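The next block holds one structure in the form of structure tokens; read it before the comments.
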Amino acid sequence: MVISKLKIYDTLKKETLLFNPIHPGYVGMYVCGPTVYSNAHLGNCRTYISFDIMFRYLLHLGYKVRYVRNITDAGHLEGDRDEGDDKFAKKAKLEQLEPMEIVQRYTVDFHQVLAQFNTLPPSIEPTATGHIIEQIEMARKIIANGYAYENNGTIYFDVEKYAKEYPYTQLSGRNLDELLTNTRELDGQEEKKGRLDFALWIKAKPETLMRWPSPWGEGFPGWHIECSAMSSKYLGSEFDIHGGGMDLVPTHHTNEIAQNFACHQTNPAKFWVHTNMLTVNGQKMSKSLGNSFLPDELFSGSHPLLDKGYSPMTVRFFMLQAHYRSTLDFSNEALQASEKGFIRLMKATKLIDGLKVKDATTIDLEGLTASVYQALNDDFNTPVTIAQLFEGVRLINLLNDDKETINAEDKLALKKLFTEIVFEVLGLKEENVAGSEKIDGLMDVILSIRQEAKAKKDFSTSDFIRDRLKTIGFEINDGKDSTSYLTL
RNA sequence: GGAGCCGUGGCCGAGCGGCUAGGCAAAGCUCUGCAAAAGCUUCUACAGCAGUUCGAAUCUGCUCGGCUCCUCCA
């Protein structure tokens, strides 16, 4: 195991602290997953790619990680008014489908999209509908502990009572009094005692499609309770990392912490980790603003704001060139720059195997390795990690041009560094893998014909071959005594 | 209205008291039949104003501009 001095920023304490797992060698991580009532857009993907990096790096450091990411497939209301249809029922009525057909469709879509971005599947992916009993049980405990009350079949969390004993607004940094006075007056909330109270369990109306029996009659769970119930079930009442998008801080995660304290008297997570938003022209990408990109529109280039399509790995690389806690602006120019940079990185990575071995090493491999790990240990700073890798790219190219030398042992270490960081930790992979034996053979034939033409100074033929190959994705590079090709 | 974040060279984006970020683009050079690739070199910036400091992109205050949250949102 690499000696880790990993530091992570905790939203609750508002500082970057040394990470030491609660149980040495083991890490429990919970990330709020998607509500599967529509297609995942790129902003959603950014969050899950960010947590994928954390998952991968923790695994790389040798931890046994249990990564739990839920699927919200019930109980998420439109407008959080604690009444009316949930998002699935609404969409189901619209499309004349069963709510669970909606859930299935978008769960499959979510998995396909994330697989294209080469994210690892979580260890456990629990659903809200599969944990109704746990949610009811948790609501009962919170009632028994005195922090929730029933009104006509609906259970509300008593925020004002809770806030007298616990720092309810600690995560968001808000002032409770201002929240109480500034919160908007919403319709249909006269059943609540306090205006900040939120529902743990909601009574079903006659037309409600998704409903379950409970001690308080038929109903369905509130949104926030599912994460509290499922994280407690699979990771215990205290675990290492709880993550999600920054937009979950003021409501969802604030309420989750409140539920956990009210039930278990504990803050569930040692580190609260939040990813920043993906923006388009400076504005948050979101469905309601109508500026969201679907991954497929990006890959194919069919979105009106794009000049061309970009591959999943280009997009992943693009996202990793910004830190997860910064906003990242999405544009053609930025994507194009990333595309070229990514190709350069992959080309150099492929060159390592063919480097000539000498007696001595003239590059500072130790320094390079140390700076790469230093960057990753600094709150998963992938942009700096990549900057260091490009220093390595320069060195690889110098080695390839015989301007520096490397011995056998260091060549292995260089190979290990690039393989582990580029592929395992950053989760990048080669695309357009051609290199089959038949293609190699075919290219040998074509290149030898071109070589003959060059020898006869028939440059129009040799250039024709080179240009045509370029248009179909083969880059021809004439070396001193040999010619190589790369697939782009 | 309240809470908070941000404004870095042509573009993207790190840094967060002194030390080269990096990628892309542009220019020059080396190499080459010409290219490409690669290497080297150049462009050395921190919204504005004032202050703290031996020293500020980095700390403080104000101004301007943008964004997020307070309503579902990753």
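So that the names make sense, note that chain A is the first sequence line, chain B the second, and so on, each numbered from 1. Bear in mind that the values here come from a model prediction, so they are computed numbers and not experimental data.
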Take atom [atom1] in [N] and the same atom in [M], then report the distance between them in whole Å.
N      : M      : atom1 : answer
G66(B) : A56(B) : P     : 30 Å
C70(B) : U58(B) : C1'   : 31 Å
A14(B) : U20(B) : C1'   : 13 Å
G4(B)  : U44(B) : P     : 38 Å
U68(B) : G9(B)  : C1'   : 27 Å
G18(B) : G28(B) : P     : 37 Å
U63(B) : A3(B)  : P     : 14 Å
C12(B) : A45(B) : C1'   : 14 Å

Of the nucleotides [options], which has the atom closest to the [X] side chain?
X         : options                : value
His323(A) : A14(B), A3(B), A74(B)  : A14(B)
Lys284(A) : C40(B), A14(B), A74(B) : A74(B)
Gln321(A) : G39(B), A36(B), G23(B) : G23(B)
Glu333(A) : G39(B), A14(B), C11(B) : C11(B)
Ala322(A) : A3(B), G13(B), G23(B)  : G13(B)
Met285(A) : G22(B), A74(B), G33(B) : A74(B)
Phe390(A) : G23(B), C67(B), C69(B) : G23(B)

Value in whole Å for how far the [atom2] atom of [N] lies from [atom1] of [X]:
X         : N      : atom1 : atom2 : result
Leu398(A) : U30(B) : CG    : P     : 18 Å
Asn477(A) : A37(B) : CG    : P     : 8 Å
Ile343(A) : A25(B) : CD1   : P     : 11 Å
Leu180(A) : A3(B)  : CG    : P     : 15 Å
Asn397(A) : A37(B) : CG    : C1'   : 9 Å
Phe464(A) : A35(B) : CZ    : C1'   : 17 Å
Leu376(A) : A21(B) : CG    : P     : 21 Å

Whether Tyr48(A) stacks on the six-membered ring of A74(B) base, 5.5 Å and 30° limits: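 Base of A74(B): not stacked against Tyr48(A).
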Centroid-centroid distance, Tyr30(A) to His242(A), less than 6.0 Å: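 Yes, ring centres under 6.0 Å apart.
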Ring centre gap for Phe117(A) and Phe299(A) strictly below 6.0 Å: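 Under 6.0 Å, so yes.
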Pair of N/O donor and acceptor under 3.5 Å linking C34(B) base with Arg466(A) side chain: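 In this structure, the two groups form a donor-acceptor pair.
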Heavy-atom donor-acceptor pair, Asp458(A) side-chain to G33(B) base, under 3.5 Å: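 Such a pair does not exist between side chain and base.
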Taking the inter-plane angle between the rings of [X] and [Y] on a 0 to 90° scale, is it parallel (under 30°), tilted (30 to 60°) or perpendicular (over 60°)?
X         : Y         : value
Phe198(A) : His224(A) : perpendicular
Tyr168(A) : Tyr162(A) : perpendicular
Phe330(A) : Phe293(A) : perpendicular

Side-chain ion pair, Glu160(A) and Lys193(A), N-O less than 4.0 Å: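 No, Glu160(A) and Lys193(A) are not salt-bridged.
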Stem segments of RNA chain B by first residue number [Watson-Crick or G-U, under 3.5 Å, at least 3]: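 Stem list for RNA chain B: B:1-7 with B:64-70, B:10-12 with B:22-24, B:26-30 with B:38-42, B:47-51 with B:59-63.
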First of Ser331(A) and Ser462(A) reached from the 5' end of RNA chain B, by closest nucleotide: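 With Ser331(A) and Ser462(A) compared, the 5'-side residue is Ser331(A).
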Nearest-nucleotide comparison on RNA chain B, the residue closer to the 5′ end among Met277(A) and Lys340(A):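 Between the two, 5'-proximity favours Lys340(A).
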Salt bridge (charged side-chain N to carboxylate O under 4.0 Å, His left out) evaluation trace for Asp52(A) with Arg69(A): CA-CA 11 Å; Asp52(A) 186 55; Arg69(A) 186 182 65 205; over 6 Å; no
From Asn332(A) atom CG to Tyr310(A) atom OH, the distance as rounded to the nearest 0.5 Å: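 Between atom CG of Asn332(A) and atom OH of Tyr310(A) there are 4.0 Å.
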Partner of Arg325(A) by side-chain hydrogen bond (donor to acceptor under 3.5 Å, both in side chains), out of Asp379(A), Asn276(A), Asn381(A):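 It is Asp379(A); the other options fail the test.
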